[in-house]
Amino acid sequence: MSQIRKPLKAEAADSRDAGAGQPRGRGGDSGASVYRTQVSDRWRSYLAHHRHSARDSLQRLLATPLQSLMTWLVIAVALALPAAMKTALDNVQVLGDSWQGVPQLSVFLNPRARPAAIDAFRDQLQKHPQVKGVEYISPEQALKEFEARSGMGNALSSLDSNPLPPTLLVVPRDDLDAAALAALGDKLKAEPVVDDVVFDRAWVERLHQLLALGERLVLALGGLLGLGVILVIGNTIRLSIENRRDEIVVIKLVGGTDAFVRRPFLYTGIWYGLGGGLIALVLQLLLLWLLSGPVAALADSYQSHFGLAGLGLLGSLNLLLLAALVGWLGAWLAVGKHLGEIQPR
Amino acid sequence: MIRFDQVSKRYPGGHEALSRVSFDVPAGDMLFLTGHSGAGKSTLLKLIMLMERASQGQVLVNNQNLNRLSNRQIPLLRRQVGVVFQNHQLLFDRSVFDNVALPLMIEGYHPREAARRVRAALDKVGLLKKEKQNPIVLSGGEQQRVGIARAVVNKPRLLLADEPTGNLDPELSAEIMRLFQQFNDVGVTVMIASHDISLIRRLNRRVLGLADGQLVHDGVLPHVTDPQTTEG
């Protein structure tokens with residue numbers, strides 16, 4: 001290696017300079033004529049080529065706007081789908097979390113139990129070391145609340161008797177874990193006055209399991225669509241490599257390294273990814289805007305102030321970063337496969 | 001500068017383009033490579049710049065055994081060898097200046113130094129005034145001179161040319177040859193593949209004659225026509 005990189009001898013370079021028809025006045029300017037690339041120059045030039053490749057590849061994409069837009073849209077749709085699912089999941093998660101804070105046990109009592117027995121049981125519970133508070137809801141109270149909340153008061157008033165049992169809402173101490181909570185529930189259920197014990201948290205846990213399942217689905221779908229994006233970008237890059245075959249051949253002929261040849265195509269991939277990511281974000285915002293009205297109305301009917309949350313700044317940046325990465329990867333695969341095939345002949 | 005030692009090149013399919021060719025070109029020499037098409041001229045040039053690798057034998061360029069160069073090292077070899085192609089190999093999506101600047105850009109020259117060298121090279125071939133034009137609007141002879149400027153812009157010690165006067169009239173050909181001679185005068189080793197025998201004869205230089213992949217002549221051409229090296 002060192003042998004072919006042998007520095008030019010100063011005098012040889014000088015005489016060649018003169019012979020090459022450069023102004024004779026530069027004869028003494030030997031510093032310039034034996035100019036060799038310095039490390040700092042190489043570094044600067046390396047950065048310059050990065051800048052140039054980035055700018056040039058973007059300009060090439062913008063020079064064929066319709067074609068580029070199609071590619072961007074394909075990528076955007078493929079990215080927007082998993083992103084929208086992720087946003088939806090996150091929102092449901094927020095909803096679940098906000099209700100998870102007060103785990104409580106609904107202890108349904110035997111409707112024929114005497115008030116004195118209920119009072120005694122309630123006092124006993126209040127003294128229980130694992131219990132923070134107890135609230136008694138009589139069948140009448142429960143009926144009134146049910147009529148008010150459910151809008152099915154008419155159906156209930158047609159019944160002869162009140163079907164709702166007396167209920168104790170038991171709030172356990174905060175530091176109880178799931179197992180201790182279950183044990184407490186079992187103990188209460190064994191009491192003769194108790195008909196049934198329902199964990200209000202059970203549905204939240206089920207929701208969380210569903211959310212975990214959803215998360216997996218998003219990952220799988222995202223992975224599949226990401227693969228699709230990689231293939232789309234890879235194919236587009238393959239075409240652009242084919243279009244610039246002459247240029248690649250000439251660059252290789254005059255001593256361009258593979259990295260030098262690869263660089264503009266990798267930037268093209270990044271631009272495809274970034275553009276697709278940006279459009280995906282816009283699609284996402286449109287979707288949120290479309291859904292926010294109905295969701296707010298639905299939340300209102302539950303007396304909730306819940307509102308849809310988007311990806312947020314960090315999430316959006318993540319999406320863009322991921323999109324750029326996927327674009328780069330697609331380009332890298334295409335370039336790795338096709339650039340080697342183009343050799344000067 | 002260049003040494004071929006029992007070099008053979010067999011292409012896939014069995015065609016032997018070169019068989020056991022040996023010669024030695026000292027630094028500072030200027031010589032011609034002749035032979036009719038298919039005789040192996042292009043293959044020989046391709047071996048020197050590693051567009052092809054020898055099937056047998058050793059090729060040394062600038063004391064470097066090319067058999068031992070890995071594919072990753074090929075770009076570094078090519079930066080040391082200026083090549084003028086018969087079909088120019090110019091890029092028509094950029095200006096004359098940018099075409100000539102390409103090798104310097106690849107090597108990482110400072111833009112100011114690169115511009116100085118590009119202008120010097122263009123001045124040398126008499127195209128300084130056309131630096132901003134697209135090479136596609138230039139004549140064949142002018143395009144060839146752009147190719148020469150690009151080949152010499154990073155001051156290689158070895159200059160190869162493949163049929164540089166192939167499509168040019170005699171007057172332009174002579175002009176191109178004068179250019180090569182001027183480069184040789186300042187110490188550049190120049191090797192030109194050509195079948196323009198009358199032109200070669202006038203220049204009175206060493207000639208390597210190839211026929212069917214074999215080296216059949218090495219020396220200054222006699223003034224009697226040698227049928228083996230003049231046909232085609």
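Just so it is clear: chains get the letters A, B, ... in the order the sequence lines come, proteins before strands, and each one is counted from 1.
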- Note on the structure: Taken to the nearest 0.5 Å, the spacing of B:Asp93 CG from A:Asn243 CG works out to 11.5 Å

- Atom pair CD (A:Gln343) and CD1 (B:Ile74), whose distance is rounded to the nearest 0.5 Å: 7.0 Å

- Message: Just checking A:Glu341: does its CD atom have more than 12 heavy atoms from other residues, nucleotides or ligands closer to it than 6.0 angstrom?
- Response: yes

Is chain A contacted by the side chain of [X], its backbone, both, or neither, given a heavy-atom distance below 4.5 Å?
{"X": "B:Asn99", "value": "neither"}
{"X": "B:Arg150", "value": "side chain"}
{"X": "B:Met49", "value": "side chain"}

- Task: Grab the two heavy atoms, one from B:Arg78 and one from A:Lys252, that are nearest each other, plus how far apart they are.
- Result: NH1-O, 2.9 Å

- Message: If I compare all heavy atoms of A:Val254 with all of B:Pro103, which pair ends up nearest, and what's the gap?
- Response: CB-CG, 4.2 Å

- Query: Is the shortest heavy-atom distance from the side chain of A:Leu253 to the side chain of B:Phe85 under 4.5 Å?
  - Reply: yes

- Honestly, the part of A:Glu247 sitting under 4.5 Å from a heavy atom of chain B is both

- Item | Heavy-atom contact with chain B under 4.5 Å, split by part of A:Tyr46 | neither

- Among A:Asp258, A:Val261, A:Thr257, A:Ile251, the one residue meeting side-chain contact (heavy atoms from CB on, under 4.5 Å) with B:Pro75: A:Thr257

- Task: Output yes when B:Arg94 and A:Asp56 qualify as a salt bridge under the 4.0 Å nitrogen-oxygen rule, no when they do not.
- Result: no

